[in-house]
Amino acid sequence: MTRKNTVRAAGALLAAMAATALSGCGIRASEVPTDFGPAPSRAACQVAGGEMARPDAEEFTAAVSLVCGGRLVDVDRGLPLRERQAGDPVRMARALLKELGRAPSAGEERAGFSTDVRRRLTVSGPGEGDPREALRLGTLPENLSVFALAQVVCTFAQSPAAASDGSVVLGGPADAPLRRYSCTDEVRTRPGTAPTPAQTVSP
């Protein structure tokens with residue numbers, strides 16, 4: 001065998017060994033089923049310091065849960081100070097929902113953030129006979145996408161709009177059933193695949 005043929009044979013053998021090793025390691029392109037949202041990406045999920053919105057004297061900073069890299073990540077948004085001073089959970093919920101429905105800033109978009117919450121979504125306080133911590137959305141919670149529902153629950157859960165135990169009581173319009181939702185680690189890390197835990201709430 002000539003020297004040239006020997007080099008070619010050695011190269012082919014090394015390539016075959018490498019392919020076998022990768023197969024044995026069980027390497028897959030993605031571990032997230034495509035039917036349940038995007039696979040985790042290489043998005044930075046962190047807004048550069050110079051691009052972060054800084055609240056002015058009439059604002060305060062509140063955390064809002066956005067979608068980034070297939071999971072929920074909190075970003076800081078400036079809300080009117082009067083919303084916190086009012087001490088009204090429903091007003092706070094409305095202010096937070098407005099932020100969830102707002103398109104990400106240029107810096108947030110570059111970092112990979114997006115939102116599944118639509119601007120037309122509304123929230124109101126408890127109806128007659130509802131528990132005082134109840135919040136009623138303009139549509140049934142189950143009609144929201146899994147990402148949008150997870151965003152709403154996790155944003156409200158870390159605000160005065162949450163119940164005393166940190167859960168969030170949500171329902172649709174009128175006398176639609178109320179359910180208690182929790183923002184778990186699983187919901188945050190895999191909102192497209194993890195069902196948001198819900199418990200029916202009696203009036």
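We use all heavy atoms of the structure for the numbers below, so side chains are in, but hydrogens, waters and symmetry mates are not.
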Donor-acceptor pair, side chain of [X] and main chain of [Y], under 3.5 angstrom:
| X | Y | answer |
| --- | --- | --- |
| R118 | D116 | yes |
| T155 | Q151 | yes |
| Q158 | C154 | yes |
| E83 | M92 | no |
| R94 | T122 | no |

query: Ion pair present between D74 and R188, side-chain N to carboxylate O less than 4.0 angstrom?
result: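 R188 and D74: salt-bridged.
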
query: Any Lys/Arg nitrogen of R77 or E108 sitting under 4.0 Å from an Asp/Glu carboxylate oxygen of the other?
result: yes

Kindly give the heavy-atom pair with the smallest separation between [X] and [Y], and that separation in Å.
| X | Y | result |
| --- | --- | --- |
| L79 | A62 | CD1-CB, 3.6 Å |
| G138 | P173 | O-CG, 3.5 Å |
| P160 | P89 | O-CB, 3.5 Å |
| F60 | P80 | CE2-O, 3.3 Å |
| P141 | G171 | CD-C, 3.8 Å |
| T184 | P197 | CG2-CG, 4.0 Å |

message: So if I apply the side chain to side chain contact (heavy atoms under 4.5 Å, CB included) rule between V152 and each of L135, L96, L170, which one comes out positive?
response: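 Running side chain to side chain contact (heavy atoms under 4.5 Å, CB included) over L135, L96, L170 with V152 returns exactly one hit, L170.
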
- prompt: In this structure, which one of R180, R136, R179 forms a side chain to side chain contact (heavy atoms under 4.5 Å, CB included) with V169?
  reply: R180

Rounded at 0.5 Å granularity, tell me how far [atom1] in [X] sits from [atom2] in [Y].
| X | Y | atom1 | atom2 | value |
| --- | --- | --- | --- | --- |
| F147 | T115 | CZ | OG1 | 11.5 Å |
| D76 | E99 | CG | CD | 11.0 Å |
| R71 | C45 | CZ | SG | 4.0 Å |

Linking I/L/V/M/F/W/Y whenever their side-chain heavy atoms sit closer than 4.5 Å, directly or via other members, would [X] and [Y] fall into one cluster?
| X | Y | answer |
| --- | --- | --- |
| L140 | L144 | no |
| V168 | V187 | no |
| L149 | L66 | yes |

Any [X] side-chain heavy atom under 4.5 Å of [Y] side chain:
| X | Y | answer |
| --- | --- | --- |
| V146 | T196 | no |
| V67 | L72 | yes |
| L100 | L121 | no |

Would one find more than 12 heavy atoms of other residues, nucleotides or ligands at under 6.0 Å from atom [atom1] of [X]?
| X | atom1 | answer |
| --- | --- | --- |
| R102 | CZ | yes |
| D185 | CG | no |
| E109 | CD | no |

